[in-house]
Amino acid sequence: MKYAYTGIEVRDLDRAIAFYTKGLGMTLLGRSKIAATGGEVAGLRSRGSQQILELNWYPRRRYRAGSELDHLGFDVGRDDVDAVIDRLIAFGAQRTRATEVRPKYVVGFAKDPDGIWLEIFKARKRGRAPQ
């Protein structure tokens, strides 16, 4: 398993994208709707870096200073997403949502013992039916 990216919550997605792309020179990798929350997500990367900064905006969230760290993302590679979450539960994590099969990823969410959201995911192989 490898640490893949950091997701932060933002109050205004357009403003945040402009800040990170124009102010810090990051490249916008993509932007899309989040069906599960009604929000939007954008991915950015700095030149020469493999790490991704994920900007998350949620429509009905009460944003407050200090809540910016939205979640940490872990790519489980070939491992099973649910098996990894079950292992984390044995160490004190709490599952927060059912695992989802999305077009490009299988993704599950849990909170660590201190309440930090963790996104556990793996890429789906192209041409395969949902598992």
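Tyr105 and Val81 fall into different hydrophobic clusters, where Ile, Leu, Val, Met, Phe, Trp and Tyr residues are linked whenever their side-chain heavy atoms come under 4.5 Å apart, directly or through other members. By the rule that hydrophobic residues join a cluster once side-chain heavy atoms approach within less than 4.5 Å of another member, Phe91 and Val84 end up as members of separate clusters. Under the 4.5 Å side-chain heavy-atom criterion for grouping Ile, Leu, Val, Met, Phe, Trp and Tyr, Ile89 is connected to Ile116 within one hydrophobic cluster.
Using a 4.5 Å heavy-atom threshold, the side chains of Trp57 and Asp12 count as separate. At a threshold of 4.5 Å between non-hydrogen side-chain atoms, the residues Thr37 and Arg97 count as touching. Arg124 is listed as a side-chain neighbour of Val101, based on a closest heavy-atom distance under 4.5 Å. A heavy-atom distance below 4.5 Å is found between the side chains of Leu69 and Thr6. Using a 4.5 Å heavy-atom cutoff, the side chains of Leu53 and Tyr20 are in contact. Side-chain contact between Val41 and Ser32 is present, with at least one heavy-atom pair separated by less than 4.5 Å. Counting heavy atoms from C-beta outward, Ile34 and Glu40 have side chains that stay 4.5 Å or more apart. Leu13 places a side-chain heavy atom less than 4.5 Å from the side chain of Leu55.
Between Glu9 and His71, the side chains place no donor N or O within less than 3.5 Å of an acceptor N or O (distance only, hydrogens not considered). Tyr5 and Glu119 share a donor-acceptor pair across their side chains, judged by distance under 3.5 Å alone.
With a 6.0 Å radius and a threshold of 12 heavy atoms from other residues, nucleotides or ligands, Tyr3 has its OH atom above the threshold.
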**Request:** Test side chain to side chain contact (heavy atoms under 4.5 Å, CB included) on Val107 and Phe109 and set out the steps.
**Result:** CA-CA 7 Å; Val107 61; Phe109 293 89; 3.9 Å; yes
**Request:** Please test Arg95 against Asp82 for salt bridge (charged side-chain N to carboxylate O under 4.0 Å, His left out), starting from the C-alpha separation and ending with a verdict.
**Result:** CA-CA 10 Å; Arg95 182 183 292 274; Asp82 284 319; 3.3 Å; yes
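Atom CG of Asn56 and atom CD1 of Ile8 lie 8.5 Å apart (nearest 0.5 Å). Interatomic distance, Glu54 CD to Leu44 CG, rounded to the nearest 0.5 Å: 10.0 Å. One distance of note links CG of Asp112 with CG of Leu72; it measures 8.0 Å at 0.5 Å rounding. Rounded to the nearest 0.5 angstrom, Thr27 OG1 and Ile52 CD1 are separated by 11.5 Å.
Remark: Asp14 engages Arg31 in a salt bridge, criterion side-chain N to carboxylate O under 4.0 Å.
Nearest heavy-atom pair, Ser46 versus Met26, reported as atom, atom and distance to 0.1 Å: OG-CG, 3.5 Å. Glu100 and Ala36 make their closest contact through OE2-CB, 4.0 Å (heavy atoms, listed as atom of the first residue, atom of the second, distance). Contact detail for Ile85 and Ala110: the closest heavy-atom pair is CG2-CB, 4.3 Å.
The six-membered or imidazole ring of Phe121 lies away from that of Phe74, with a centre-to-centre distance of 6.0 Å or more.
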